[in-house]
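Before any comments, here is the structure.
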Amino acid sequence: MGEQTKIQPQSQPVQSESQALPQIEAQVQTQSLSQPFNTPTTTTSELTTVPPPITSPPAKIPSRPRKIRKVSPNAAATTANDPKSSPTSTTTTTETPKTPAIKTPRTKTSQQLVIATPRIVARSLTCEGELEYAIHYLRNADPLLASLIDTYQPPSFDTFPTPFLALARSILYQQLAFKAGSSIYTRFISLCGGEAGVLPETVLALTPQQLRQFGVSGRKASYLHDLARKYQNGILSDSAIVNMDDKSLFTMLTMVNGIGSWSVHMFMIFSLHRPDVLPINDLQVRKGVQLLYNLPELPRPSQMDQLCEKWRPYRSVASWYLWRLQESKGSPSSVIAVSTSGNLTQQQQEDQQQPQLIDPINSILNLGRDVSGWLI
């Protein structure tokens, strides 16, 4: 009696599976009605648990980076005034095409008008009326030179038969006094049969020994032969010399042995009567320029062109009056002798042989000559 009695739990009658299913379904329906929609239901039994819906992860689509344009402060006003622009697009602006600006030339109101004066084309000084016009032109161009024009006689020019004769006589009279040069020139003319017989062929036929018998030195004989050979070879001719311009003529004649720059200038003035020749290496002309313009120093040959620019295109006539000015001051001049017989006085030769009078261009062309044979 004293023993405790074990109370065993009453075992419920075991229901069959077919009997239990209707009860479980009834409980599920009751719980689903009492709980909110889409709320997961839990039951004591594993069969009553409903698994959550399986959702797939969102697809990764690469997105293009958005371009952000900088909007100028006037963009809003431009967009508002543009009837074609959309009200929602604020990041894009429409730029109006720029029209190129037309450059208009600037006009200076204070620009000075330059009136081009017609260039005077000078003719030979022996042409009718040309010498008179040249004197009138120089008188108006230079008041200082006008005083010399009113004081001295106008220039005079002789006419020579041919340029070849004038050049040959220029060689014969070099470094000789008037009397000695005239004597040698007369014998040379008689040997050739007169002035008309002084031709390149005649001169080439004379030997140096024959010329030496009449007082012509061996150096001058070689100069005469070189001049004649250039004529015979066609390098020079009387017609070519007459038609050449001053610059070309100077270049061609200084290529002849025995003819220097001073001789070419004298030939151009007194034989060809060229109107615009300035003998820049002539000492008397340089002294005349110094005296006329009251210069403190003797102008160099390189300065003569600039000082005598106003005399163009009649610098030959102006040079004549400068020679006259030097003669009046007691300086010897060779112009009268050259214009009549091509002679040079001894004093003129000594002045021309000074180192400062040597023309650089002529010295290059005359390389190889004897130093004592510098020509004028």
Side-chain angles (χ1 to χ4, degrees), residues 122 125-126 130-158 170 173-182 261-354 356-357 376:
L125 294 175
T126 54
E130 190 68 17
L131 182 59
E132 290 76 9
Y133 180 81
I135 294 174
H136 174 74
Y137 177 86
L138 292 174
R139 183 182 282 109
N140 296 332
D142 192 349
L144 295 178
L145 189 63
S147 60
L148 300 182
I149 295 174
D150 296 335
T151 303
Y152 303 106
Q153 294 293 326
S156 58
F157 302 98
D158 291 342
S170 175
Y173 272 95
Q174 289 174 3
Q175 301 179 356
L176 294 177
F178 174 75
K179 187 176 181 180
S182 298
S261 60
W262 190 88
S263 297
V264 174
H265 288 154
M266 296 301 104
F267 170 75
M268 293 169 67
I269 294 175
F270 296 105
S271 299
L272 301 181
H273 312 136
R274 298 288 176 94
D276 193 30
V277 179
L278 179 65
I280 59 176
N281 290 330
D282 187 273
L283 183 61
Q284 302 306 320
V285 174
R286 294 168 59 197
K287 287 182 178 179
V289 171
Q290 180 186 13
L291 186 61
L292 181 65
Y293 294 123
N294 196 20
L295 300 178
E297 297 179 355
L298 183 69
R300 297 188 299 272
S302 59
Q303 298 173 330
M304 292 292 292
D305 283 327
Q306 183 178 1
L307 292 173
C308 306
E309 181 66 27
K310 63 178 67 176
W311 299 342
R312 290 180 183 270
Y314 295 107
R315 293 182 296 178
S316 299
V317 181
S319 300
W320 170 276
Y321 287 102
L322 295 179
W323 278 312
R324 301 281 77 76
L325 176 62
Q326 284 301 108
E327 286 181 353
S328 65
K329 300 300 180 181
S331 299
S333 176
S334 62
V335 175
I336 296 178
V338 171
S339 61
T340 55
S341 62
N343 177 47
L344 303 178
T345 61
Q346 186 67 27
Q347 182 63 38
Q348 179 71 11
Q349 297 167 20
E350 294 176 358
D351 291 340
Q352 295 294 338
Q353 290 177 356
Q354 292 180 5
Q356 61 181 356
L357 299 178
I376 54 179

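Basis for what follows: all heavy atoms, side chains included, without hydrogens, waters or symmetry-related copies.
The shortest distance between side-chain heavy atoms of M266 and S170 does not fall below 4.5 Å. With contacts defined as side-chain heavy-atom distances shorter than 4.5 Å, the pair L291/Q326 qualifies. Side-chain contact between P279 and I269 is present, with at least one heavy-atom pair separated by less than 4.5 Å.
Put simply, CZ on R315 and CG on L278 are 5.0 Å apart, with the number rounded to the nearest 0.5 Å. Separating the CH2 atom in W262 from the CZ atom in F267 is a distance of 13.5 Å, to the nearest 0.5 Å. One finds the CG atom of L148 at 10.5 Å from the CG atom of L138 (value rounded to the nearest 0.5 Å). Here E327 contributes atom CD and R324 contributes atom CZ; the two are 4.0 Å apart, rounded to the nearest 0.5 Å. Between the CG atom of L145 and the CG atom of L322 there is a distance of 6.5 Å, given to the nearest 0.5 Å. Taking NZ from K329 and CD from Q284, the interatomic distance works out to 13.5 Å, rounded to the nearest 0.5 Å.
Nearest approach of P155 to Y321, heavy atoms of both residues: CD-OH, 4.0 Å. The two residues S319 and V277 come nearest to each other via the heavy atoms OG-O, 3.9 Å. Scanning all heavy atoms of the two residues, the minimum distance from R286 to R300 falls at NH2-CA, 4.0 Å.
The closest donor-acceptor contact from the side chain of S182 to the backbone of K179 lies at 3.5 Å or more, if one exists at all. Without hydrogens or angle criteria, S147 side chain to L144 main chain gives a donor-acceptor distance under 3.5 Å. At distances below 3.5 Å, at least one donor-acceptor pair connects side-chain atoms of S316 with backbone N or O atoms of R274. Although no hydrogens or angles enter the test, the distance criterion places a donor-acceptor pair under 3.5 Å between the side chain of Y137 and the main chain of R312.
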task: Check step by step if side chain to side chain contact (heavy atoms under 4.5 Å, CB included) holds for D150 and R139.
output: CA-CA 9 Å; D150 296 335; R139 183 182 282 109; 3.0 Å; yes
message: Evaluate V289 against L298 for side chain to side chain contact (heavy atoms under 4.5 Å, CB included), listing each step before the verdict.
response: CA-CA 8 Å; V289 171; L298 183 69; over 6 Å; no
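D142 and Y293 form a side-chain donor-acceptor contact under 3.5 Å, judged by distance and modelled atom types alone. Looking at Y152 and S328, their side chains do bring a donor and an acceptor atom within 3.5 Å of each other. For the residue pair D276 / W311, no side-chain donor-acceptor distance below 3.5 Å is found, with atom types taken as modelled.
Using the six-membered ring where Trp is involved, Y133 and Y314 have ring planes that are perpendicular, over 60° apart on the 30 and 60° scheme.
Note on K287 versus D282: no salt bridge recorded, every NZ/NE/NH1/NH2 to OD/OE distance being 4.0 Å or above.
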